[in-house]
Amino acid sequence: MCGIAMIRLKQPLEYYQKKYGTWKYGLNKLYLLMEKQHNRGQEGAGLAAVKFDMEPGNEYIWRERAEGKNAIQEIFASVNKHYESLTLQQLSDATFAKEKLPFAGELYLGHLRYSTTNLKKGVSYVHPFLRRHNWKDRTLVLAGNFNLTNVDELFAHLTSHGQHPRDKADTFLMLESIGHELDKEVGREYEKARKECDDDMEITRKIEAELDIPTVVRKSEKHWDGGYAICGLLGHGDAFVFRDAKGIRPAYYYSDDEIVVVASERPVIQTVMDVAIDDVKELVPGQIMVIKKDGRLIFDEIRPQAKELARCSFERVYFSRGSDRDIYAERKKLGELLAPQILKAVDNDVEHTVFSYIPNTAEVAFYGMIHGVQQMTGKYPRIEKVLIKDIKLRTFIAQDAERNDLAQHVYDISYGSITPNVDNVVLIDDSIVRGTTLRQSIIKILYRLQPKKIIFVSSAPQVRYPDCYGIDMSSLTEFIAFKAAVELLREKGKESVINEVYRMSHDQRNLPKEQIVNYVQRIYESFTDDEVSAKISQMLTPSSVKCPVEIIYQTLDGLHQAMPDYAGDWYFSGNYPTAGGNRLVNNAFLAYIEGNH
């Protein structure tokens, strides 16, 4: 679930030096946009800058990338090293900066990496990607929040045209796909311009002014299956951002006379630019916004907007910043809608129930849960900070994946926060996907308080199916809900269901993606949500814990009620928005049965 940030300065650097006291205005804004989206990428970061109208023989494009959780600080520290030896006068001279200094440009692109596979490691996989060319209008920088489901098809398409991609990763293929169409489009524009102009520089200027980027993107994007929000820069100064027609991945923008800003999240732009919510616009699904070198904004359709949008709901619940006005309201509503299930679990005994949350992202849903309980009972629930998260310890442990004994102590409890053997304790989390932390750590730690009953609440429904549009959840064995359903089938003597789903999935493995059906949904058909939840509760309760443990999940109807505009629920329902999703879940189930997971 990567983050994107793009900035186009509409005025000369001298303008920002005079008005804001620094020509680094754009670079500083980029830093803030990236830091405010740090939640979206902790594996790496990168930035690129394009400088307009440089004389031949001078560099016009720079890029810096780094891996690791401190990548943002590292890349900007590297950029700032270029300025350490300057005098104060030089550092404040916008004209000097434009002519002499790297990253003193008008166009910036930043990216925060959240990889969707554990196989692709190394700085070469960190965005932005760069496709260099001796002609500036064919030099392409690309970064995005995306995942494609049909890389094999796209690879075959490119090789059939004589290309030799050096990697099968979707980012490389997207770069070469757009680059290939860009080469052809510039070639066509050159032939047209040559008939109208005699001077080579005049021909170049005409090409740059009339280059049809929407057509370039439209011809390459038509072969893609997936979810994506993509930003691109061209070496001569044009820039663009476009979005998949289903709206799976988000993109927002702001524009005024000084600047154009693009980011993955709306409140980030609001905060960094100090503008109102209505000033920030959502890019229409299937649309491209082109920022021409002369500052014009051009909007065009890449693919018709889908009649049924599939904006990702799990991204709203888990990854996005809760400071957004709508996301804040949605998360509160998710918590509120869980109140009836919670009260049933504690036999309406609010007086002897302590309510809390799992730090830190579930806090907003917690407020909604408290409101819901209060509305239903007329009593204000008892609230305590039962669980504490030790961030420093977590950071330390992250350096060594083998230290499971230390990982058990990432969380701690507030001793004395409940009355032993009398009080129930209810803790809400934004989602319970794998349940590993609950089983290995949190439940055991909570049991030290000797509660009468432990109730865990997930503001999201049971995650049952893999994702293929940007989150690293591709294996069915990662999901405690899937494990629970399989275990229930075996306990009930219904293993034939598993065998039948395998047979049907195997029979369609070589079919075109458009013909594949998600038969994995049949694994869950024999059981209610409550039955699966009860099995999950049993599977996640350590043998050393003697008090009852119950896990409650949001319902699918509750999710839709809280987030009516975000119908992308394939994680929970198995209803994938593109054909590639059905192929992925089919392959994931085959891998599970055949032991290749």
Side-chain angles (χ1 to χ4, degrees), residues 5-36 45-65 72-111 128 130 136-137 139 141 143 201 204-205 208-209 231-240 253-263 268-269 271-275 291-297:
M6 185 169 72
I7 287 179
R8 164 67 155 90
L9 299 178
K10 288 186 174 182
Q11 305 294 335
L13 294 188
E14 291 82 1
Y15 172 91
Y16 304 97
Q17 176 69 51
K18 183 177 181 180
K19 183 172 182 179
Y20 298 105
T22 177
W23 58 264
K24 293 170 67 178
Y25 176 79
L27 200 56
N28 292 341
K29 291 296 185 185
L30 183 74
Y31 171 74
L32 292 173
L33 287 171
M34 293 177 70
E35 279 289 9
K36 291 291 184 180
L47 70 88
V50 173
K51 188 178 298 195
F52 293 178
D53 302 320
M54 296 301 291
E55 290 293 324
N58 294 289
E59 182 60 270
Y60 60 91
I61 188 166
W62 282 266
R63 181 176 56 155
E64 192 70 44
R65 298 179 294 174
I72 298 175
Q73 290 83 0
E74 289 180 17
I75 60 175
F76 279 93
S78 181
V79 168
N80 287 325
K81 280 184 178 179
H82 294 288
Y83 316 139
E84 288 178 352
S85 61
L86 300 179
T87 66
L88 193 59
Q89 182 176 356
Q90 288 174 322
L91 192 59
S92 62
D93 188 339
T95 302
F96 174 84
K98 177 65 185 290
E99 294 176 355
K100 303 293 185 182
L101 299 182
F103 297 97
E106 292 89 349
L107 194 52
Y108 295 99
L109 178 58
H111 186 264
L130 173 61
K136 290 193 293 184
D137 49 22
T139 295
V141 182
M201 291 306 297
T204 298
R205 286 191 291 269
E208 293 176 353
C231 290
L233 316 179
L234 299 185
H236 71 277
D238 282 0
F240 60 89
Y253 68 93
Y254 166 78
S255 176
D256 61 24
D257 293 337
E258 297 181 346
I259 196 170
V260 181
V261 178
V262 175
V268 169
I269 299 177
T271 299
V272 172
M273 300 308 302
D274 191 21
V275 294
I291 313 166
K292 295 297 289 182
K293 182 186 176 183
D294 61 13
R296 287 178 294 144
L297 295 187

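In this chain, residues are counted from 1 in sequence order.
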Polar side chain donor-acceptor pair, T204 to K136, under 3.5 angstrom: no
Is any side-chain heavy atom of [Y] closer than 4.5 Å to one of [X]?
{"X": "L13", "Y": "K51", "answer": "no"}
{"X": "L33", "Y": "V268", "answer": "yes"}
{"X": "Y25", "Y": "Y15", "answer": "no"}
{"X": "Y20", "Y": "N28", "answer": "no"}
{"X": "E74", "Y": "E64", "answer": "no"}
{"X": "I291", "Y": "L107", "answer": "no"}
{"X": "K36", "Y": "V272", "answer": "yes"}

Candidate list L27, L30, L101, test side-chain contact (heavy atoms from CB on, under 4.5 Å), partner V79, passing option: L27
[X] side chain to [Y] main-chain N or O, any donor-acceptor pair under 3.5 Å?
{"X": "Y253", "Y": "V260", "result": "no"}
{"X": "Y16", "Y": "E258", "result": "yes"}
{"X": "Q17", "Y": "W23", "result": "yes"}

Residues which pass side chain to side chain donor-acceptor pair (under 3.5 Å) with [X], listed by chain and number, not counting sequence neighbours:
{"X": "D256", "result": "Y254"}
{"X": "E14", "result": "T95"}
{"X": "K18", "result": "none"}
{"X": "K292", "result": "D238"}

Can you tell me if [X] has over 12 outside heavy atoms packed within less than 6.0 Å of its [atom1]?
{"X": "D274", "atom1": "CG", "value": "no"}
{"X": "E59", "atom1": "CD", "value": "yes"}
{"X": "N58", "atom1": "CG", "value": "yes"}

side-chain contact (heavy atoms from CB on, under 4.5 Å) between M273 and V261, intermediate numbers included: CA-CA 9 Å; M273 300 308 302; V261 178; 3.9 Å; yes
Pair listing, side-chain hydrogen bond (donor to acceptor under 3.5 Å, both in side chains) test, anchored in residues 102-111, at least two apart: K98-E106, H111-H127
Grab the two heavy atoms, one from [X] and one from [Y], that are nearest each other, plus how far apart they are.
{"X": "P102", "Y": "W62", "result": "CB-NE1, 3.3 Å"}
{"X": "P128", "Y": "G46", "result": "CD-C, 3.5 Å"}
{"X": "D137", "Y": "L234", "result": "O-CD1, 4.2 Å"}
{"X": "V50", "Y": "G235", "result": "CG1-O, 3.5 Å"}
{"X": "R296", "Y": "A209", "result": "NH2-O, 3.6 Å"}
{"X": "A5", "Y": "M34", "result": "CB-CG, 4.3 Å"}

Parallel, tilted or perpendicular, as decided by the 30° and 60° cut-offs, for the rings of Y31 and F76: perpendicular
Look up atom [atom1] in [X] and atom [atom2] in [Y], then write down how far apart they are to the nearest 0.5 Å.
{"X": "R63", "Y": "I75", "atom1": "CZ", "atom2": "CD1", "value": "12.0 Å"}
{"X": "L32", "Y": "K29", "atom1": "CG", "atom2": "NZ", "value": "6.5 Å"}
{"X": "L86", "Y": "S92", "atom1": "CG", "atom2": "OG", "value": "10.0 Å"}
{"X": "K24", "Y": "N80", "atom1": "NZ", "atom2": "CG", "value": "4.0 Å"}
{"X": "R205", "Y": "H236", "atom1": "CZ", "atom2": "NE2", "value": "13.0 Å"}
{"X": "I61", "Y": "L130", "atom1": "CD1", "atom2": "CG", "value": "5.0 Å"}

Listed partners of Y60 passing ring-ring contact (aromatic ring centres under 6.0 Å, His included), at least two apart: none
Ion pair check, D53 and K293, cut-off under 4.0 Å: yes
